[in-house]
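Quick notes on the structure that follows.
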Protein chains: 2
Amino acid sequence: MAESLRLTVDRRSPVPLYYQVAEQLEQAIGSGQLSPGFKLDNEISLADQLGLSRPTMRRAIQELVDKGLLVRKRGVGTQVVHGRVRRELELTSLFDDLRATGQKPATKVLVNQVEPAPAEVADELGFAEGDEVLHLERLRLADEKPLAVLRNWLPANVIRPTDEELENGGLYQLIRDAGTHVQVARQRIGARGATTQEARLLGGRKNDAVLTMQRTAYADSGRAIEYGDHCYRPEAYSFEVTLVER
Amino acid sequence: MAESLRLTVDRRSPVPLYYQVAEQLEQAIGSGQLSPGFKLDNEISLADQLGLSRPTMRRAIQELVDKGLLVRKRGVGTQVVHGRVRRELELTSLFDDLRATGQKPATKVLVNQVEPAPAEVADELGFAEGDEVLHLERLRLADEKPLAVLRNWLPANVIRPTDEELENGGLYQLIRDAGTHVQVARQRIGARGATTQEARLLGGRKNDAVLTMQRTAYADSGRAIEYGDHCYRPEAYSFEVTLVER
DNA sequence: AAGTGGTCTAGACCACTTT
DNA sequence: AAGTGGTCTAGACCACTTA
């Protein structure tokens, strides 16, 4: 089957070649230009068409396989996955997520102080109990409606934001601005009934179901940079994950 | 810093070299032989020590970066991530998960019949409304206690299990046994209050918080192979995800 | 300046699937 | 037998970080 795409690469660009190709393929799939089930040319042929080596073309394809947009089968070929493409869970903050989807995020700061780490927090961050940590509690709103209660603890020497800084952007933006790069985060997602305080903040009743997420994030130095314990109004928020068999 | 590890590769083994190395590194991290914060030798040195090319060594390291066990930083090096390692969300069935963690899984079959696809299901599977699908409803128990209500719909020609087969293993095992390889699954995780029926099955009350998961799985042919709508007792189950910035 | 990971090449051989 | 993706090599040059 012939390729109906016009892929191009710009070798003067600082953007990696594999990334340029992956982006164009992703866009072609997202726009429907490549329909579900469409069979791509083989890797060597595609590489030749673009003037790339096979490993580079292969890496471009692998990016989309990892995202769940393409499937590969040895001896057979590479095909576009059937089914709709949804927005993925990424290593971005809720604040950025909301802004990206056109909802108007807002933040109300409830707690912003340095205090000794509670046992659970010290455990998650790899600290000793009682070491000083920055404790944040925020109510996150989207389009003026309460969405989530966000509790976070950070090592005291990462950031010291003002309430105003917390109201104007996401936590991860502040961490990035401080020159710290978050590379890995482990999340545990669950559910429970809302506490009285949570229900009041979120505008529901005690024991209403809330979606919960506990997260520990690590900087590229390998050290723990943040522990978060969040709860969300489940009518307004859910997590999406794509799993790929490798 | 010198490497304190004894990594070896067996070139006669059919197991890929990068995978052999990744496995040994993962085990060394998991066993504590490589402590959090430990700095690995650079890629070229490690490759030389093992008699591998740099791309192969690099791929071994990348596997563990993707799993969130290592972090890399250009100009600096590769380090073991601080913090505990948890079991990951993988493309396995709940049944296998439970067995792997030593809990005794059991299944009670509630529905096992072929019927016309409801609108939502047809939409998720990419079928026309009314096309025939296999509809399953199961109550999953762990150590004799109810854990989850599992509702699944599959194209009618994938499997036709007996109730007994469903009671003795996981759905994914049956799909694999039928020669179908599941490569990609998209999951949406949320929460809500239990319905009356769910509360009765799970041994709770109506409106108790339940953790929910909707999943669409795709075979390596790219076609949708399963849609599932599950709910879990949140005291007994949660999802874990590792996010990696690439 | 030295060392690190990030990208890229141009091949090679193999395992698996389909014809 | 032909075609596909999976693995692997032995280099190369570059960008970034640290000293």
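Since this is a predicted model, take the numbers as computed values, not measurements. In what follows, chains carry the letters A, B, and so on, assigned in the order in which the sequence lines appear, proteins first and then strands, with residues in each chain numbered from 1.
- Residue A/Leu46 is tested with A/Leu25, A/Val21, A/Leu40 for a side chain to side chain contact (heavy atoms under 4.5 Å, CB included); the sole match is A/Leu40.
- If you check the side chains of B/Gln173 and B/Arg176, you find a donor sitting under 3.5 Å from an acceptor.
- The phosphate of D/dC8 has neither OP1 nor OP2 within less than 4.0 Å of any side-chain N or O from B/Tyr18.
- At the phosphate of C/dG3, neither OP1 nor OP2 sits under 4.0 Å from any side-chain N or O atom of B/Asn42.
- Residues forming a side chain to side chain donor-acceptor pair (under 3.5 Å) with B/Asn112 (at least two apart in sequence, or on another chain): B/Asp163.
- Atom NE2 of A/His181 and atom P of D/dT17 are 11 Å apart (whole Å).
- Per the geometry, CE belonging to B/Met57 stands 17 Å off C1' belonging to D/dA10, to the nearest Å.
- Here A/Arg151 pairs with A/Glu137, A/Glu198 under the salt bridge (charged side-chain N to carboxylate O under 4.0 Å, His left out) rule; sequence neighbours left out.
- A straight line from CG of B/Asp220 to P of C/dC16 spans 14 Å, rounded to a whole angstrom.
- Under the 3.5 Å distance criterion, with hydrogens and angles disregarded, a donor-acceptor pair is assigned to the side chains of A/Tyr172 and A/Glu226.
- As judged by a 4.0 angstrom heavy-atom cut-off over every strand, A/Ile44 is placed among residues making no nucleic acid contact.
- Comparing B/Gly77 and A/Lys73 by the nucleotide of DNA chain C whose heavy atom lies nearest to each, the residue mapping closer to the 5' end is B/Gly77.
- Whole-Å rounding puts the B/Leu52 CG to D/dT9 C1' distance at 10 Å.
- Listed by chain and number, the residues in a side chain to side chain contact (heavy atoms under 4.5 Å, CB included) with A/Pro116 amount to none (sequence neighbours excluded).
- The strand DNA chain C forms stems, runs of 3 or more Watson-Crick or G-U wobble pairs with distances below 3.5 Å, at C:1-18 with D:1-18.
- When the C1' atom of D/dT7 is taken as reference, atom CZ of B/Arg12 falls 19 Å away, rounded to whole Å.
- Summarising the geometry, the separation between CG on A/Asp10 and P on C/dC8 is reported as 12 Å, rounded to the nearest angstrom.
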Atom pairs under 3.5 Å: protein N/O with N/O of nucleotides 11-15 of chain D:
{"residue": "D/dA12", "atom": "N6", "partner": "B/Arg54", "partner atom": "NH1", "Å": "3.3"}
{"residue": "D/dA15", "atom": "O4'", "partner": "B/Arg74", "partner atom": "NH1", "Å": "3.2"}

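- Under the rule for a side chain to side chain contact (heavy atoms under 4.5 Å, CB included), the partners of B/Ala47 that lie at least two apart in sequence or sit in another chain are B/Met57.
- Within the structure, a side-chain polar atom (N or O) of B/Thr78 is placed less than 4.0 Å from OP1 or OP2 of C/dG5.
- Rounded to whole Å, atom P of C/dT7 lies 14 Å from atom CD1 of B/Ile61.
- Contact annotation: A/Arg58 side-chain N/O to D/dG6 OP1/OP2 distance is under 4.0 Å.
- Residues A/Gln62 and A/Tyr18 bring no donor and acceptor atom of their side chains to less than 3.5 Å of each other.
- For the pair A/Val76 and B/Arg72, nearest-nucleotide mapping onto DNA chain C gives the more 5' position to B/Arg72.
- Taking every side-chain heavy atom of A/Glu43 into account, D/dG6 is the closest of C/dT9, C/dT18, D/dG6.
- Judged purely by distance below 3.5 Å, without hydrogens or angles, the side chains of B/Thr107 and B/Arg140 pair a donor atom with an acceptor atom.
- A donor-acceptor contact under 3.5 angstrom links the side chains of B/His230 and B/Asn152, judged on distance only.
- Contact annotation: B/Arg11 side-chain N/O to D/dT9 OP1/OP2 distance is under 4.0 Å.
- Atom CG of B/Asp41 is separated from atom C1' of C/dG5 by 14 Å (rounded to the nearest Å).
- Between B/Arg59 and D/dC8 there is no side-chain polar atom (N or O) within less than 4.0 angstrom of OP1 or OP2.
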